[in-house]
Every structure is written in structure tokens, then in C-alpha cells.
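Working notes, structure below.
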Amino acid sequence: MILIDGKKAAAELREELKKEVIELKAKYNKVPGLTVILIGDMTPSQIYVRNKEKFANEVGLKSEVIKYPDTVEEKTVLEKIEELNKDETVSGILVQLPLPKHIDKQKVIETIIPSKDVDGFHPMNVGNLSSGYESSVPCTPLGCYLLIKKIEPNLNGKKAVIVGRSNLNGKPMMQLLLKENCTVTITHSKTKDLKLECLEADIIVAAVGIPELVKGDWVKKDTIVIDVGINKTDKGIVGDVAFEEVSKNAKALTPVPGGVGPMTIACLLKNTVECFKRSQI
Ligand code: NAP
């Protein structure tokens with residue numbers, strides 16, 4: 001079984017981006033800029049943002065974090081986004097989720113100009129992705145896609161089963177694999193026989209939020225299994241896939257942690273560089 005090393009893949013991607021940023025600087029005399037807005041003091045969000053900033057600096061991006069207390073008015077945040085939309089030194093804008101209840105998440109997402117939407121959540125980017133046009137792609141499914149392609153460059157005709165249909169993970173994952181000519185089944189909480197669906201898959205992507213839902217006897221030999229889940233349990237952090245059992249059958253499997261997680265941040269940096277390049281045309 002191939003243990004898919006997300007940390008290594010993310011480090012390689014960052015190294016490629018670092019070289020690309022040097023080239024872009026030589027060509028345009030400026031570097032891509034990423035601005036992250038962090039509202040409130042939730043610990044996981046603070047850790048994510050700190051890591052985003054650290055890696056953005058590592059690849060040579062201009063990185064900025066704007067912090068607000070969780071009492072900030074929605075209007076203040078929207079005005080700041082409008083200002084960043086017009087700022088030519090900012091290539092990508094990300095508002096760290098979740099947001100305090102009094103701030104309308106969708107309004108925030110839709111205020112970010114689609115060309116700077118590095119999360120790929122704006123309806124314009126969602127629509128472009130589903131139509132097969134150029135767009136920012138949400139970072140976690142993009143990371144999963146790149147890991148799958150490392151194992152199997154030609155996905156033509158492969159049967160992919162995605163467990164979970166969230167806008168963040170399952171749906172964009174479906175679009176990416178469809179574009180690669182996979183036959184895609186997307187499953188959810190009302191799916192009648194999840195085991196049967198998974199047993200047909202050449203590729204399984206699990207993005208559910210239920211610890212170790214996907215069992216060893218759900219996976220046929222030669223299946224690539226990507227585990228997006230991050231679940232806190234008494235055993236520590238586990239994924240949505242029963243790692244020990246599935247590793248006996250699968251062709252390749254991502255660990256949790258150290259699989260999809262590191263690729264998510266690397267893909268955010270990639271999206272920032274892509275937004276910058278599109279803005280220079
Ligand atoms: P979400 O928005 O809660 O969506 C979960 C999906 O799973 C829903 O579509 C739900 O179906 C489906 N589901 C629930 N129970 C199911 C069952 N028994 N069988 C089949 N499907 C079922 O979750 P998310 O935001 O996509 O996140 C999923 C997991 O990924 C979480 O553990 C999260 O922490 C993790 N995550 C990891 C990263 C990373 O960087 N590694 C990034 C983001 C999220 P319905 O639509 O029918 O309710």
C-alpha cells in the first residue's frame with residue numbers, strides 16, 4: 001500500500017511556487033499578495049491563519065493578516081473587503097471561517113471580487129468550475145485532486161465515489177474528477193447503501209466528519225482512498241476512514257494527520273499565485 005505523504009507533496013508544491021514567485025518578481029517587479037481577515041479569537045482559526053501566514057512568507061508572497069474582534073460590525077468587514085478588492089498589491093483575499101453569528105457568511109463571500117477569491121467560494125467561481133471554465137478551486141478538494149493525480153495521472157474512465165456533498169469539499173471534488181473523465185458518484189447522509197457504492201470505487205474521497213466511517217471491507221483492492229476528515233476523538237485526531245483496516249486493502253491511502261491537511265494550505269498559496277498571474281494578463 002502506498003502511504004500518500006501529504007506533508008512531502010505540500011513541501012514540493014511550496015518549493016515549485018517559491019521558484020515561480022521569483023520568476024514572477026523578475027518579470028513584473030512585484031510579488032503576489034495574500035490578505036487574510038481573521039475575526040474573533042477561536043483557537044483553531046488562529047492556528048490556521050498563523051500557518052497560512054508562515055507558509056505564504058516561506059514561498060515569498062506578500063502576506064498580511066487583518067484581525068478584528070468578534071464584536072466587529074458586518075459593515076466594517078464588508079468595507080475592508082471592498083478596499084482590498086481595489087488594492088493592486090492584493091492578489092488574493094480570504095476571510096477565515098467560521099464567522100460570528102451576526103455576520104452573514106454568504107454576503108462576505110459575495111463581496112470578495114471573484115478574481116481575488118482564493119477560497120473559490122464565490123458563486124461566480126463555483127459556476128465557472130461546474131461549467132469547466134477557469135476558476136479558483138476550493139483549496140481542500142484541489143489538494144485531494146493533486147494527491148490523486150500523483151498516484152494515478154490518467155483518471156480516464158475511473159469510478160470515483162465521493163462521500164459527503166458539502167459545498168466546501170464534496171461538490172467541487174465531484175467537478176474536478178468529472179473534468180478528468182471519471183464516472184463520479186456523490187453520496188450523502190440519505191444514500192441507501194454506502195458500502196455497496198464504495199465497493200465499486202477506484203477512487204474514494206471521504207469528506208464527512210464521522211470518525212472512521214469508511215471501513216476496510218468497503219474498499220476493494222487497488223482503490224485510492226483520500227481521507228479529508230479531521231475528527232477529535234478520545235484516541236486523538238482521526239479521519240473519516242478506518243485507517244488500519246483500509247490500509248490492508250487500498251492501493252493508496254492518505255493518513256490523518258499528514259495527508260490532505262498540509263495540501264490545503266499549499267493550494268491556498270497556489271490559488272494566490274494563479275490569481276496574480278490572471279490579473280497580469
Ligand atoms: P459538512 O459540511 O458537515 O458535510 C458533511 C457531508 O457528509 C454532508 O454532505 C452529509 O450529508 C454527509 N454525511 C453525513 N453523514 C453521512 C453518512 N452517514 N453517510 C454519508 N454521508 C454522510 O462537512 P465538510 O465541511 O465537508 O467537512 C467534512 C470533514 O472534512 C470534517 O471532518 C472536516 O473537519 C474535514 N475538513 C478537512 C479539511 C482539511 O484541510 N483536511 C478541510 C475542510 C474540512 P448531507 O448533505 O445529507 O447532510
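Counting starts at 1 for both ligands and their atoms, in listed order.
Distances between N or O atoms of Asp240 and those of ligand 1 include no value under 3.5 Å.
Counting only heavy atoms of the protein, atom 1 (P) of ligand 1 lies nearest to Ser166 CB, 4.0 Å. At the top of the distance list for atom 3 (O) of ligand 1, counting protein heavy atoms only, stands Val208 O, 4.2 Å. Closest to atom 42 (C) of ligand 1 among all protein heavy atoms lies Thr140 OG1, 3.3 Å. Protein heavy atom closest to atom 27 (O) of ligand 1, with residue, atom name and distance, is Asn169 ND2, 3.6 Å. Ranking protein heavy atoms by distance to atom 12 (C) of ligand 1, first place goes to Gly164 CA, 3.9 Å. Protein heavy atom at the shortest distance from atom 41 (N) of ligand 1 is Val228 O, 3.4 Å. The protein heavy atom nearest to atom 29 (C) of ligand 1 is Gly209 N, 3.7 Å. The protein non-hydrogen atom at the shortest distance from atom 46 (O) of ligand 1 is Arg165 NE, 2.7 Å.
Salt bridge present: Glu83 and Lys80 bring a charged side-chain N and a carboxylate O closer than 4.0 Å. Salt-bridge annotation for Glu274 and Lys277: present, with a side-chain N of the basic residue lying under 4.0 Å from a carboxylate O of the acidic one. The residues Lys19 and Glu15 are annotated as not salt-bridged, no charged nitrogen and carboxylate oxygen being separated by less than 4.0 angstrom. Comment: Lys195 engages Asp217 in a salt bridge, judged by a side-chain N to carboxylate O separation of less than 4.0 angstrom.
Under the 3.5 Å distance criterion, the side-chain polar atoms of Lys25 are left unmatched by any main-chain donor or acceptor of Val31.
Counting heavy atoms only, Ile230 comes closest to atom 33 (C) of ligand 1 of the residues Thr187, Ile230, Ile210. Distances from atom 28 (C) of ligand 1 to the heavy atoms of Ser189, Gly259, Ala207 show the closest one on Ala207.
Near Leu168, the atoms of ligand 1 lying under 4.0 angstrom from a non-hydrogen atom of the residue are 25 (O), 43 (C). Counting the atoms of ligand 1 from 1 in the order shown, those under 4.0 Å from a heavy atom of Asn231 are 32 (O). Counting atoms of ligand 1 from 1 in the listed order, those under 4.0 Å from a heavy atom of Val260 are 41 (N). Below 4.0 Å from some heavy atom of Leu194 lie the following atoms of ligand 1, by number and element: 19 (N), 20 (C). Close contacts of ligand 1 with Thr264, meaning ligand atoms under 4.0 Å from a residue heavy atom, involve 39 (C), 40 (O).
With a heavy-atom cut-off of 4.0 Å, Asn167 does not touch ligand 1 at all. Residue contacts with ligand 1, taken as heavy atom pairs separated by less than 4.0 Å, do not involve Thr191 at all.
Residues Met42 and Pro98 share a closest heavy-atom pair of CE-CG, 3.9 Å.
Pairs engaging residues 261-281 under the ring-ring contact (aromatic ring centres under 6.0 Å, His included) rule: Tyr28-Phe276 [sequence neighbours left out].
In this structure, a donor-acceptor pair under 3.5 Å is present between the side chains of Thr35 and Glu64. Looking at Gln280 and Lys27, their side chains never bring a donor and an acceptor atom within 3.5 Å of each other.
To the nearest 0.5 Å, the span separating CE on Met174 from SG on Cys182 amounts to 12.5 Å.
Counting side-chain heavy-atom gaps under 4.5 Å among Ile, Leu, Val, Met, Phe, Trp and Tyr, the cluster of Leu168 also holds Ile37, Ile39, Ile66, Tyr68, Val72, Val77, Leu78, Ile81, Leu84, Val90, Ile93, Val95, Leu97, Leu99, Ile103, Val108, Ile109, Ile112, Phe121.
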